[in-house]
Amino acid sequence: MKLFTLILLSVALGKSCSSQTKNDLKTAVLEYTASTRGFYQKISIKDQTVSISKDRSGKDSPDATKISDADWKELIGYFETIDLDSLATLKAPTEKRFYDGSAIGNLKIVYKDKIYSTSAFDDGYPPEEIKRLVDKINTFANKK
């Protein structure tokens, strides 16, 4: 009986450890915005497509561009390392946005019907925890 209990407990513990899932980018929507008084850019990523808007009012309908498989895999790798619950508490490393030295950046992630958002940070200087993800998102705007 002890052996049976030990095996059952081992299987249960092993299954619970392996069932901890990583963030799945396939079902998420990433939105990165950067803005100042005279500049606005919104990069949206959903289901291996990216769209870039420079219209603050949202009246334009940007064309969606497919993300290459290599870029998508890289983006997935960065997204899986993010702790979504801690996004709102991340501290910006610089404060250039306070004196118009940088655009104001913000990352918003919609995942499993919940919205996760960072506090404002300087565009180009995101918190270290999301730097690789934000830098990768910005590369799509630079390709256009």
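A salt bridge is defined here as a Lys NZ or Arg NE, NH1 or NH2 lying under 4.0 Å from an Asp or Glu carboxylate O, and Lys96 with Asp122 fails to meet this definition. Taking a cutoff of 4.0 Å between a charged side-chain nitrogen and a carboxylate oxygen, Arg37 and Asp100 qualify as a salt bridge.
Lys114 pairs by the side-chain contact (heavy atoms from CB on, under 4.5 Å) definition with Asp85, Tyr116, not counting sequence neighbours. Take Lys46 and apply the side chain to side chain donor-acceptor pair (under 3.5 Å) test, not counting sequence neighbours, and it matches no residue.
Side-chain contact between Thr27 and Tyr111 is present, with at least one heavy-atom pair separated by less than 4.5 Å. Using a 4.5 Å heavy-atom cutoff, the side chains of Leu75 and Ile137 are in contact. By the 4.5 Å heavy-atom criterion applied to side chains, Thr36 and Asp123 are not counted as neighbours. Side-chain contact between Asp71 and Glu74 is present, with at least one heavy-atom pair separated by less than 4.5 Å.
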For this session: Report the C-alpha distance between Ser117 and Asn106 in whole Å, list the side-chain angles of each, state the deciding distance to 0.1 Å, and finish with yes or no for side-chain hydrogen bond (donor to acceptor under 3.5 Å, both in side chains).
Result: CA-CA 7 Å; Ser117 186; Asn106 191 323; 3.2 Å; yes
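How far CG of Asp83 is from CG of Leu90: 8.5 Å, rounded to the nearest 0.5 Å. To the nearest 0.5 Å, atom NZ of residue Lys54 and atom CZ of residue Phe39 are 5.0 Å apart. One finds the CG atom of Leu30 at 10.5 Å from the CD1 atom of Ile43 (value rounded to the nearest 0.5 Å). Glu31 CD to Ile115 CD1: the interatomic distance, rounded to the nearest 0.5 Å, is 8.5 Å.
Cluster annotation: Ile52 and Ile109 are assigned to the same hydrophobic cluster (Ile/Leu/Val/Met/Phe/Trp/Tyr, side-chain heavy-atom contacts under 4.5 Å, transitive). At a threshold of 4.5 Å between side-chain heavy atoms, the hydrophobic network of Ile, Leu, Val, Met, Phe, Trp and Tyr places Trp72 and Ile82 in one connected group.
By the neighbour-count criterion of 12 heavy atoms within 6.0 Å, atom OH of Tyr78 is densely surrounded, having more than that number from other residues, nucleotides or ligands. Sparse packing is recorded around NZ of Lys73, with 12 or fewer heavy atoms of other residues, nucleotides or ligands lying under 6.0 Å away.
Counting all heavy atoms, side chain and backbone alike, Phe121 lies closest to Ala92 at CB-CB, 3.6 Å. Closest of all the heavy-atom pairs between Pro62 and Ser51 is CG-CB, 4.1 Å. The shortest non-hydrogen separation linking Asp55 to Ser57 is OD1-OG, 2.9 Å. What you find for Ser35 and Tyr40 is that their closest heavy atoms are CB-CD1, 3.8 Å.
Side chains of Thr49 and Asp47: no donor on one and acceptor on the other come within 3.5 Å. Using a 3.5 Å distance cut-off with no hydrogens or angles, the side chains of Asn142 and Thr139 do not pair a donor with an acceptor.
Arg132 places no side-chain N or O within 3.5 Å of a backbone atom of Glu129 that could act as its donor or acceptor partner. Panel note: side chain Ser102, backbone Arg97; no donor-acceptor pair is recorded below 3.5 Å. Within the 3.5 Å criterion, the main-chain N or O of Leu107 finds a donor-acceptor partner in the side chain of Thr118. Side chain of Asn138 to main chain of Val134: a donor-acceptor pair is present (N/O by atom type, distance under 3.5 Å, no hydrogens or angles). Between the side chain of Gln48 and the backbone N or O of Ile67 there is at least one donor-acceptor pair closer than 3.5 Å. Under a 3.5 Å cut-off, the side chain of Ser86 and the backbone N or O of Thr89 do not form any donor-acceptor pair.
Partner of Phe79 under the side chain to side chain contact (heavy atoms under 4.5 Å, CB included) criterion, out of Leu84, Ile45, Asp24: Leu84 alone.
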